Structures are given as structure tokens and as C-alpha cells.
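Input: a single structure, listed below in C-alpha cells.
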Amino acid sequence: MSTQQVKRVVIAGGGTAGWIAAAALSRMLGPLLDITLVESDAIGTVGVGEATIPTHRTFHHLLGIDEREFMRATKATFKLGIAFENWGGVGDRYIHSFGQVGKPSWMGEFYNIWMYAQERGIGDALDAYCFELQAAEEDRFYTSEKANINFAYHLDASLYAKFLRTFSEAKGVKRVEGLIDTVEQDGESGFITALKLQSGERIEGDLFIDCTGFRGLLIEQTLKTGYEDWTHWLPTDSALAVQTRSVGPAIPYTRAIAHHAGWQWRIPLQHRVGNGLVFCSENMQPDEAQEFLLNNVDGEPLTEPRLIRYKTGRRRKVWNKNCIALGLSSGFVEPLESTSIHLIQIGATRLVQQFPFSGISEAIANHYNEQAERELEKIRDFIVLHYKLTERDDSDFWRARRDMLVPDTLSQRIALFRENGLVYQASDDLFRVDSWLQVMMGQRLKPKGYHHMGHMMTDDQLTRALDGLQASIAQAVSKLPKHQDFIDTYCAAPETETA
């Protein structure tokens, strides 16, 4: 496609996506690149991506970011998982934790032994055998360099972008303030050559990263890449976000509370709680949604509810010509499992690994696109799973989700677990076996069969093994401090206005 050496990188748009890209490239490839980020204070960002998954810690490790410094700057709390309420049925509750359930062996997963024990009347609920899940239920948390605990963060996305801006500018990233007026292209190849700002300034580059949000100024408005619509599987298309004053200690998990036309999030930060209502506009109007949301929050609202419209799906290519889309410009799978920031980070990390220093070829773009597509489709399947596995019959929205046809890849996974009790993690799966298991079991999918590895144990052996594991987890959890107490001593943010 182009043999031109690639050195000048131009990032269009700031926010979380833009500054993650800037941070990754400047930290890992800084001396080799000339990086410019163009953003305008006049354009707001979505800024509600407040929950993360454990891969966030790996990304920060690569960047050399100090955890306490980051948490103070972003008023972050710790996250051990997500509590799902009213999903399988009204009144149901389960936690999808980030922990390992039991102790697996090479032959099979722990839950196979547990299912046999249940048949024998031995043991407790499956939740009892997961350390992180029990810690979440007890509102306890502790970490250190030696601690064996799997967790993520709740953070203020706007403050996170500012934190990464400071980080990136210290490593040589040049920020240009201004509105993009024109995207210039080469008449022959169609490659983007420059961004022309309303001020008249031209920002030339060899590689452009589109972080302009849903509008996709470069990847779609300029390059006409196309969009694959997933609303037949994920029909929610609107979200209302509002921040409220904290009314109690921060809990170490996100709450995802299903309602008749979608679901509501609650994300505890150090200085406030992030709230949002995700809904389908065919089943709920914005006025009704706002009233519902404000009637179902704890604490005084600190902001006016903000409406966000979106379409679930993905760009047909996230790398097109010399443009790579990151964040909302690349597509959107709704925020249910907190994957939005991860997808930006993995996209930026993948670019670092595959950076086209010697020129942009069709082969490298195709390879990047194939990897991104496979990962995103598996994330899509995992999120669709939550909707498909419902027994709710109380609204048109949930009846349609229960009865919908799902992608063949997901249908096969569900059948495999239903018939044989088998859960697996493919090589390009983001979510582990424990994640698939907790959602499937939490939403009432009980397998008809399972691996009989547990049948080789006597009742006494089963009892000792399960009782011992449960007792060791309970003892370890009891020694942890309360989550809020640990935050207060480990990473308390400076006192500021809560709004």
C-alpha cells in the first residue's frame, strides 16, 4: 500500500482513547516517533467509562504507572467483579467475579467435582469457593506486591484522560488545541495526508489514529469504511448518565441492575457514584428513562442527566489505509462487562507490537483487523449471553431477548455447557472459563452432564476437600480490611469538590 517510512503519528481527538494511544506510543516507542495529538476543549467527551477489567493493571505495568499515584489522581476504587441483579429473573442476584472458582486440574475444572458433590448432598453454593467473590460480598479488599488477588478499578474517566495527558506530554507528545475543519487525502492512494484546523494550521502525518468518538471523522466520514450493525443482538441504543453524592462506604464491585427495558449501572468512586441507565428506545423514551433513573439512585444528583445515543456494532475495518480507529470510532459493544477501556488499550498495544515503521502494507492492516475482529466478536458473544440467558417474561424487551437467535459461535457454547457441562477459553478469548461459568450458572443455565472426575472421590474425600477449601477462603477473607478502610490508607485522593 505504501513504502513510505512511518514516523509522524497524528492522533485525532483526546479523551480516554486519544490519551491512552498517546501514552502507549510515547512510553514504548517514544524515541522513534513524532507524536501529535489534536483535540479541542470545545468538544466534550463521553467520559463515563468508569469501570475496568483486570487487564488494565497489565497495561499500567507496561507503562510503568504507579498504582497509588494513578488511583489518587483518578479518585479510583478497587473492583472485584460485577453484581448482576434481576437478570435471570426478577429478584435474582449473582456476582461475576474476577477470581478463580475452586482449584482446577489438568483433567477438568473444579465445577465438575462440585456438581457431583451437589448430587451427593455435599458442599455449599459454588460462590463459596471463590476468594475474590467472597471478598466482594464482605466488602473487603487488600493488595500488595505479594498479594494473590485478581482485581480491576473504578475510575473517573475524565480525570484518567488528564492523568494520561500529563504522562504523555512528559514523554514528548505534542498537544495541539483546535477544531478539525478538513481531512486532506492523497488523490491517488486515498491515504490521509493532513488535518487542517479551523485556525488554518495543517498537521501532517504518516499514520493517523481516529479517536473522534461515535462520529468517526477519519475512519468513516472521510474513508467511508462501513459499519456492521449488531442491534439485532444488542438492541439497547441509549444511555443516561448522572453522578450522585456517595451515601456510604465504596463497595468493591460494580452493580448492574436489570430493569424492564435494559439495565442500570452503579459505580462507586472515592468522591461520588457514577450512575447510568442503559435502555432500548423502542421500549423506553428518554423522559421516562430519566424519571426512572433519578428515582433509582442513592444520594443527591451532582450533575444533570446526560443522554448518550449509540449503535452497537463495529467498523468493518479498524485499520483502513493509514488510519486506525480506537475507542468509540471503532465501534461499540455496550458497557455491560466494562470492556471499552480494555479495547482501547489492547488496540494501542497491538499497534505498538505491529507498528509499520517501514511502510503501511495491506498485509499488516489485514492482520491487525483480523485480530481485532476475532477478539471483539468473542466479547460480543459474552455480552449477548447475559441477555439470551434470561427467564424474564415481564416485558416485551426481555421476552425478545430470551427468544432471539444468537450468533452460531455463542449458540454452540451454550449447547456445549447445557449438554456436557463444558466451558472453555479459546486462544483469543478475553474472558476466562470462570467468567463464562459464573454468568451461565448465575443466570440459571444448569448443565445436564459434566465430567465424572469427581466420581473417583469418596464422600469423605469430597467433604474434606470442599470444607477445607471453603474454610481457607473464609479465613483469608476475614483477615482483609474493609474496602473503604484500605482505600483511606492506601490511595485516598485529596479532598476536592465532589462535583
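Any value given below was found using the heavy atoms of this structure, including those in side chains, with hydrogens, waters and symmetry copies removed. This chain uses plain numbering: 1 for the first residue, then up along the sequence. It should be emphasised that the depicted structure is a prediction, and the values quoted were computed from it without experimental measurement.
Both cation-pi conditions hold for R401 and F397: the charged atom is under 6.0 angstrom from the six-membered ring centre and inside a 45 degree cone around its axis. For R432 and Y424, the positive end is not near the middle of the six-membered ring at less than 6.0 Å and at most 45° from its axis.
Here H56 and F98 keep their ring centres 6.0 angstrom or further from each other.
F382 and H96 have perpendicular rings, their planes meeting at more than 60° on a 0 to 90° scale where under 30° would count as parallel. F486 and F78 have tilted rings, their planes meeting at an angle from 30° to 60° on a 0 to 90° scale. Between F151 and Y153, the ring planes are perpendicular. Angles over 60° get that label, and only those under 30° would be called parallel. Classification of the Y310-F214 ring pair by plane angle, with boundaries at 30° and 60°, yields parallel. Aromatic ring orientation, Y94 versus F84: parallel (interplanar angle below 30°, classes split at 30° and 60°).
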Decide salt bridge (charged side-chain N to carboxylate O under 4.0 Å, His left out) for D428 and R374; before the verdict, give the C-alpha distance in whole Å, the side-chain angles of both, and the deciding distance to 0.1 Å.
CA-CA 7 Å; D428 44 9; R374 286 198 303 269; 3.0 Å; yes
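A salt bridge links E137 with R93: at least one charged nitrogen is closer than 4.0 Å to a carboxylate oxygen. At a threshold of 4.0 Å, the pair R350-E375 counts as salt-bridged, since one of the basic side-chain nitrogens sits closer than that to a carboxylate oxygen.
With hydrogens and angles ignored, the 3.5 Å screen pairs no side-chain donor or acceptor of R306 with any backbone N or O of L240.
Pairs passing the salt bridge (Lys or Arg N to Asp or Glu O under 4.0 Å) check and including a residue from residues 253-268, sequence neighbours excluded, read E85-R255, R266-D298.
With a 6.0 Å radius and a threshold of 12 heavy atoms from other residues, nucleotides or ligands, K482 has its NZ atom above the threshold.
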